[in-house]
Amino acid sequence: MKILLDHNLDRRLKSYLSEHTILTTYQQGWTDVVNGKLLDLAEENGFDILLTADASIKKQQNMAKRKIAIVVLRAFNNRLATHVQMIEEVGEALSKIRIGEIMEVFHNDIVGKLRD
């Protein structure tokens with residue numbers, strides 16, 4: 001699976017998902033590209049998934065005709081240590097998500113707050 005790691009995530013997250021081909025927006029030269037244009041470029045370059053922390057992307061994008069999926073990491077911060085705690089759930093999401101879908105993966109602390 002070819003995954004694009006958005007600029008709002010720590011690039012070191014790649015090493016925790018080593019079974020996939022992961023490139024960063026920085027590696028692609030797309031650090032200033034956002035939202036729809038980023039998805040267009042990702043699709044044109046054969047990416048299957050955009051991995052991001054941009055929670056608003058769900059409301060901003062119509063995925064109906066997209067050839068890519070989006071996994072959104074939802075946590076209280078964007079620190080590597082926080083996202084590493086979510087790796088098992090991220091892996092599950094990556095194995096289940098289908099083209100045109102947006103799937104959110106929540107940190108345990110957020111899940112607990114949602115239940116309260």
Side-chain angles (χ1 to χ4, degrees):
M1 186 173 306
K2 190 174 178 183
I3 299 171
L4 179 63
L5 192 68
D6 203 356
H7 64 272
N8 55 26
L9 294 173
D10 191 305
R11 63 180 168 76
R12 296 173 293 177
L13 195 58
K14 289 173 35 172
S15 65
Y16 294 89
L17 298 166
S18 59
E19 66 273 17
H20 302 286
T21 300
I22 302 178
L23 297 170
T24 66
T25 54
Y26 178 79
Q27 288 173 303
Q28 294 295 113
W30 302 338
T31 53
D32 295 330
V33 181
V34 292
N35 298 334
K37 181 63 176 165
L38 182 60
L39 292 176
D40 291 342
L41 286 170
E43 287 175 332
E44 290 168 13
N45 287 273
F47 286 94
D48 302 300
I49 295 177
L50 171 66
L51 189 60
T52 184
D54 182 359
S56 64
I57 201 166
K58 188 174 182 177
K59 295 176 186 172
Q60 296 169 348
Q61 298 301 315
N62 179 354
M63 298 296 289
K65 295 183 181 180
R66 289 287 181 187
K67 299 174 192 146
I68 193 168
I70 301 172
V71 174
V72 181
L73 277 59
R74 301 286 305 269
F76 287 114
N77 62 57
N78 281 350
R79 294 185 188 130
L80 177 63
T82 302
H83 289 146
V84 167
Q85 295 173 359
M86 303 166 64
I87 284 298
E88 185 175 328
E89 292 83 1
V90 170
E92 288 177 27
L94 292 174
S95 70
K96 294 177 183 178
I97 197 164
R98 301 292 173 245
I99 290 171
E101 292 182 341
I102 298 177
M103 190 175 287
E104 295 177 298
V105 177
F106 293 89
H107 188 275
N108 285 337
D109 288 349
I110 290 180
V111 172
K113 292 283 183 193
L114 292 174
R115 289 183 190 145
D116 294 341

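What's counted below: heavy atoms across the whole structure, side chains too, no hydrogens, waters or symmetry copies.
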Tell me the closest heavy-atom pair linking [X] and [Y], and the distance in Å.
X	Y	value
Lys96	Glu101	O-OE1, 4.3 Å
Trp30	Asn45	CZ2-ND2, 3.4 Å
Leu4	Phe47	N-CD2, 3.4 Å
Arg74	Ala55	NE-CB, 3.4 Å
Val72	Ala53	CG1-C, 4.3 Å

Please name all residues satisfying salt bridge (Lys or Arg N to Asp or Glu O under 4.0 Å) with [X], sequence neighbours left out, ordered by chain then number.
X	result
Arg12	Asp10
Glu92	none
Arg11	none

With the 4.5 Å side-chain cut-off for hydrophobic clustering, are [X] and [Y] part of the same group?
X	Y	answer
Leu38	Leu5	no
Leu50	Ile102	yes
Val71	Ile68	no
Leu41	Leu51	no
Ile3	Ile97	yes

Original post:
Would you say the side-chain atoms of His20 pair up with the backbone N or O of Ile22, donor to acceptor, closer than 3.5 Å?
Top reply: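 Not at all, since once roles are kept as given, no pair shorter than 3.5 Å links the two residues.
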As an exercise, state the distance from [atom1] of [X] to [atom2] of [Y], rounded to the nearest 0.5 Å.
X	Y	atom1	atom2	answer
Met63	Leu39	CE	CG	6.0 Å
Arg79	Gln85	CZ	CD	11.0 Å
Leu17	Ile87	CG	CD1	4.0 Å

Original post:
Do Met103 and Leu94 touch side chain to side chain, with heavy atoms closer than 4.5 Å?
Top reply: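 No. Closest side-chain heavy atoms not under 4.5 Å.
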Original post:
Do any pairs count as a salt bridge (charged side-chain N to carboxylate O under 4.0 Å, His left out) and have a residue in residues 20-31, sequence neighbours left out, and if so which ones?
Top reply: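 Listed by first then second residue: nothing to list.
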Subject >> Selection residues 13-38 - residue pairs positive for salt bridge (charged side-chain N to carboxylate O under 4.0 Å, His left out), sequence neighbours left out >> reply: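 Qualifying pairs: none.
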**OP:** Please name all residues satisfying side chain to side chain contact (heavy atoms under 4.5 Å, CB included) with His83, sequence neighbours left out, ordered by chain then number.
**Re:**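 His83 satisfies side chain to side chain contact (heavy atoms under 4.5 Å, CB included) with Leu9, Leu13, Leu73, Ala75, Asn78, Met86 once adjacent residues are dropped.
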Original post:
What pairs meet the side-chain hydrogen bond (donor to acceptor under 3.5 Å, both in side chains) rule with one or both residues in residues 61-73, with sequence neighbours excluded?
Top reply: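 The answer is Asp40-Arg66, Glu43-Arg66.
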**OP:** Sequence neighbours left out, what pairs pass side-chain hydrogen bond (donor to acceptor under 3.5 Å, both in side chains) with at least one residue falling in residues 48-58?
**Re:**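 Every side-chain hydrogen bond (donor to acceptor under 3.5 Å, both in side chains) pair that includes a residue of residues 48-58, provided the two are not neighbours, is Asp6-Thr52, Asn8-Thr52, Asp54-Ser56, Ser56-Gln60, Lys58-Glu104.
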**OP:** Using side-chain hydrogen bond (donor to acceptor under 3.5 Å, both in side chains) as the criterion, list what pairs up with Thr82, not counting sequence neighbours.
**Re:**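 For Thr82 the side-chain hydrogen bond (donor to acceptor under 3.5 Å, both in side chains) partners, ignoring immediate neighbours, are Asn77.
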